[in-house]
Amino acid sequence: MTLATPFPNPFYFLRHGETDYNHAGRFQGQTDSRLNETGLAQAATAAETLRDQPIAAIVASPLSRARITAEKVADARGEEIATDPGLMECHLGVHQGEPYQDWLPDYWTGDYAPEGGEDFWRFRARVIPAMRAIVAQGPNRLIVAHGGLWYAARSLFRMEPDIDRMPNAMALFVEPEGDLWRISLVGQDARFGDGTGMQGL
């Protein structure tokens, strides 16, 4: 099985709500920053959006910004969550906590590796199998994680529509068809595709 092996079932994807790092324009990586007031409100809105969806299970990154977002969704549904360390954001080494810098596009192409961190190829080799293993358990699993996972997926699969930057707490439904992911927005959200907040990894 290669990284580009098609995903076997439809699934939901939700990026965590906003943190102070997102708001201030600082790299998070695996820094365990928590949701700010805006992020908590975003998570609550996402929970209402997903309350009546036919979600079979909820699996989150253990980093608190994703875990708490997932817990808000689970609480609204009267369910529990599981966590998977394979879903954690990329480790950005010495750059974690620094203001946004112009090396990030080179990171996503594998042309820059942060000192003391995780290069893009290792990151992708970690998160794609973790996502696929969750999705393989059956249809309609919800993955609550980070924007970097979306970049990793976009490097392997075509997206329709192509969301190049993932806003905080925007709920998506993904229907894989071979190397194509057909994406639907869950609920109504005018931010669809505008990229709000993606850079704050």
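The chain is numbered in sequence order, starting from 1. Computed over heavy atoms, backbone and side chain alike; hydrogens, waters and symmetry mates excluded.
Heavy atoms only, all atoms of each residue included: Tyr12 and Pro54 are closest at OH-CD, 3.2 Å. Across all non-hydrogen atoms, the minimal contact from Gln42 to Asn168 is OE1-CB, 3.5 Å. For Tyr21 against Gln28, the heavy-atom pair with the smallest separation is CB-CG, 3.1 Å. Of all non-hydrogen atoms in Pro8 and Arg132, the two that sit nearest each other are CD-CG, 4.3 Å. Contact record, Leu92 with Phe27: CD1-CB, 4.0 Å, taken as the closest heavy-atom pair. Of all heavy-atom pairs spanning Pro139 and Ala56, the tightest one is O-CB, 3.5 Å.
Linking Ile, Leu, Val, Met, Phe, Trp and Tyr residues whenever their side-chain heavy atoms come within less than 4.5 Å places Phe120 and Met166 in a single cluster. Under the 4.5 Å side-chain heavy-atom criterion for Ile, Leu, Val, Met, Phe, Trp and Tyr, Val59 and Val127 are members of the same hydrophobic cluster. Linking ILVMFWY residues whenever their side-chain heavy atoms come closer than 4.5 Å, directly or via other members, leaves Val174 and Leu180 in distinct clusters.
Remark: Ile128 CD1 to Ser155 OG distance equals 6.5 Å, nearest 0.5 Å. The CZ atom of Arg15 sits 5.0 Å away from the CG atom of Asn22 when rounded to the nearest 0.5 Å. Going from atom CD1 of Ile81 over to atom CD1 of Ile58 covers 7.5 Å, rounded to the nearest 0.5 Å. In this structure, OG in Ser61 is found 8.0 Å from CD in Gln30, a value given to the nearest 0.5 Å. Annotation: the span from Ile68 atom CD1 to Asp75 atom CG amounts to 11.0 Å, rounded to 0.5 Å. Note that CE of Met131 and CD1 of Ile143 are 4.0 Å apart. Values are rounded to the nearest 0.5 Å.
Phe11 pairs in a side chain to side chain contact (heavy atoms under 4.5 Å, CB included) with only one of the listed residues (Val135, Ile134, Asn140), which is Val135. Here the options are Thr49, Leu14, Val144, the test is side chain to side chain contact (heavy atoms under 4.5 Å, CB included), and the partner is Val73; only Leu14 passes.
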### Message
Quick one, His23 with Thr38, criterion side-chain contact (heavy atoms from CB on, under 4.5 Å). Give me CA distance, side-chain angles, the key distance, then yes/no.
### Response
CA-CA 9 Å; His23 184 73; Thr38 297; over 6 Å; no

#### Entry: Working for side-chain contact (heavy atoms from CB on, under 4.5 Å), residues His146 and Leu149
CA-CA 6 Å; His146 308 273; Leu149 277 71; 4.1 Å; yes

### Task
Evaluate the side-chain contact (heavy atoms from CB on, under 4.5 Å) criterion for residues Ile163 and Met170: first the C-alpha distance (whole Å), next the side-chain angles of each, then the deciding distance (0.1 Å), finally the verdict.
CA-CA 11 Å; Ile163 306 172; Met170 186 174 75; 4.1 Å; yes

### Message
Run Gln53 and Phe173 through side-chain contact (heavy atoms from CB on, under 4.5 Å) and show every step you take.
### Response
CA-CA 10 Å; Gln53 293 295 311; Phe173 182 62; over 6 Å; no

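Residues forming a salt bridge (Lys or Arg N to Asp or Glu O under 4.0 Å) with Glu175 (at least two apart in sequence, or on another chain): none. The salt bridge (Lys or Arg N to Asp or Glu O under 4.0 Å) test applied to Asp106 returns no partner, not counting sequence neighbours. Glu80 is linked by a salt bridge (Lys or Arg N to Asp or Glu O under 4.0 Å) to nothing, counting only residues two or more places apart in sequence or in another chain. Listed by chain and number, the residues in a salt bridge (Lys or Arg N to Asp or Glu O under 4.0 Å) with Arg124 amount to none (sequence neighbours excluded).
Side-chain contact between Lys72 and Leu40 is present, with heavy atoms from C-beta onward closer than 4.5 Å.
Two rings, from Tyr107 and Tyr151, have their centers 6.0 Å or more apart. Aromatic ring centroids of Trp181 and Phe13 lie 6.0 Å or more apart.
Annotation for His91: atom NE2 counts as buried by contact number, over 12 foreign heavy atoms lying within 6.0 Å. Environment of CD in Glu115: sparse, with no more than 12 heavy atoms of neighbouring residues, nucleotides or ligands closer than 6.0 Å.
Sorted by first and then second residue, the salt bridge (Lys or Arg N to Asp or Glu O under 4.0 Å) pairs involving residues 34-63 (not counting sequence neighbours) are Glu48-Arg51. For residues 148-158, the pairs satisfying salt bridge (Lys or Arg N to Asp or Glu O under 4.0 Å) are Arg154-Asp162, Arg158-Asp179, with sequence neighbours left out.
Relative orientation of the Phe157 and Phe7 rings is perpendicular, given thresholds of 30° and 60° on the angle between their planes.
Proximity of a side-chain donor or acceptor of Arg182 to a complementary backbone N or O of Glu160 within less than 3.5 Å is not detected. Here the side chain of Arg141 pairs no donor or acceptor atom with the backbone of Ala57 at under 3.5 angstrom. Using modelled atom types, no side-chain atom of Thr69 and backbone atom of Ala43 make a donor-acceptor pair closer than 3.5 Å.
Between Arg65 and Glu89 there is no salt bridge, since none of the side-chain N atoms of the basic residue sits less than 4.0 Å from a carboxylate O of the acidic one.
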